[in-house]
Amino acid sequence: QLQASGGGLVQAGGSLRLSCAASGRTFSRYAMGWFRQAPGKEREFVAAISWPGVNTFYADSAKGRLTISRDNAESTVDLQMSSLKPEDTAVYYCAAKTGWPRSVSSEYDYWGQGTLVTVSS
């Protein structure tokens, strides 16, 4: 089970930290990803991290502004977001998969319920 939290309303240029807490499985064996879905748009990849936390991957839109990290001891994965833009407004989902982290949502086995991020201009 994955539980995402930390969303909210923030002004453009501001920061937010999303967190995803995992329970019920061996969290450290799963690659983790963050995806987002804006109103009227398809779900898109944001960032992913390998199970030991060594390798990270980002969508071009996220590079330099968003940072994914994980704490296997606490079974959490975070997404630190800075310099937020109105186009970052979306529901953000965390997801887990076995094997190497990927940017394709269909490869993920488990999903959290999503947390809404709204960036005002």
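Numbers for residues simply follow the sequence, beginning at 1.
- By the 6.0 Å and 45° rule, R43 stacks over the aromatic ring of Y93.
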Evaluation steps, side-chain contact (heavy atoms from CB on, under 4.5 Å), between R17 and S69 = CA-CA 11 Å; R17 188 176 185 90; S69 61; 3.7 Å; yes

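- What you find for L2 and M32 is that their closest heavy atoms are CD2-CE, 4.1 Å.
- Hydrophobic cluster membership is shared by L66 and V117, with clusters built from Ile, Leu, Val, Met, Phe, Trp and Tyr side chains linked at under 4.5 angstrom.
- In this structure, V77 is a member of the same hydrophobic cluster as L16, with clusters built from ILVMFWY side-chain heavy atoms closer than 4.5 Å.
- When all heavy atoms of S121 and A12 are compared, the pair lying nearest together is CA-CB, 4.3 Å.
- Here the side chain of Y58 pairs a donor or acceptor atom with the backbone of I68 at under 3.5 angstrom.
- Under the 4.5 Å side-chain heavy-atom criterion for ILVMFWY residues, no single connected hydrophobic cluster contains both W51 and Y108.
- T115 has its side chain out of reach of V91: every pair of non-hydrogen atoms, C-beta onward, lies at least 4.5 Å apart.
- Of all heavy-atom pairs between Q3 and Q113, the closest is NE2-NE2, 3.2 Å.
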Could you check E44 against Q37 for side-chain contact (heavy atoms from CB on, under 4.5 Å), going step by step and ending with a plain yes or no?
-> CA-CA 6 Å; E44 64 176 5; Q37 187 166 17; over 6 Å; no

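- For the residue pair Y30 and T26, the shortest heavy atom distance occurs at CD1-O, 3.2 Å.
- The minimum heavy-atom distance linking S15 with Q80 is given by the pair CB-NE2, 4.1 Å.
- Between L84 and the options V119, T89, T118, a side-chain contact (heavy atoms from CB on, under 4.5 Å) holds for only V119.
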Verify side-chain contact (heavy atoms from CB on, under 4.5 Å) between Y110 and C94, making sure each step is shown before the conclusion.
-> CA-CA 8 Å; Y110 305 100; C94 59; over 6 Å; no

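- Annotation: side chain of M81 is in contact with side chain of L18 (closest heavy-atom distance under 4.5 Å).
- W100 and F45 fall within a single hydrophobic cluster, where Ile, Leu, Val, Met, Phe, Trp and Tyr side chains are chained together by heavy-atom contacts under 4.5 Å.
- No side-chain heavy atom of L79 sits under 4.5 Å from any side-chain heavy atom of T67.
- Taking a cutoff of 4.0 Å between a charged side-chain nitrogen and a carboxylate oxygen, D88 and K85 do not qualify as a salt bridge.
- Taking the side chain as every heavy atom from C-beta outward, R36 and S61 approach each other to under 4.5 Å.
- In this structure a side-chain-to-backbone donor-acceptor pair under 3.5 Å is present from S82 to R65.
- Between W111 and F35, the ring planes lie tilted relative to each other; the angle falls in the 30° to 60° range.
- Residues E74 and S19 are not in side-chain contact: their nearest non-hydrogen atoms beyond the backbone lie 4.5 Å or more apart.
- Side chains of T76 and D71: a donor-acceptor N/O pair is absent below 3.5 angstrom, by distance only.
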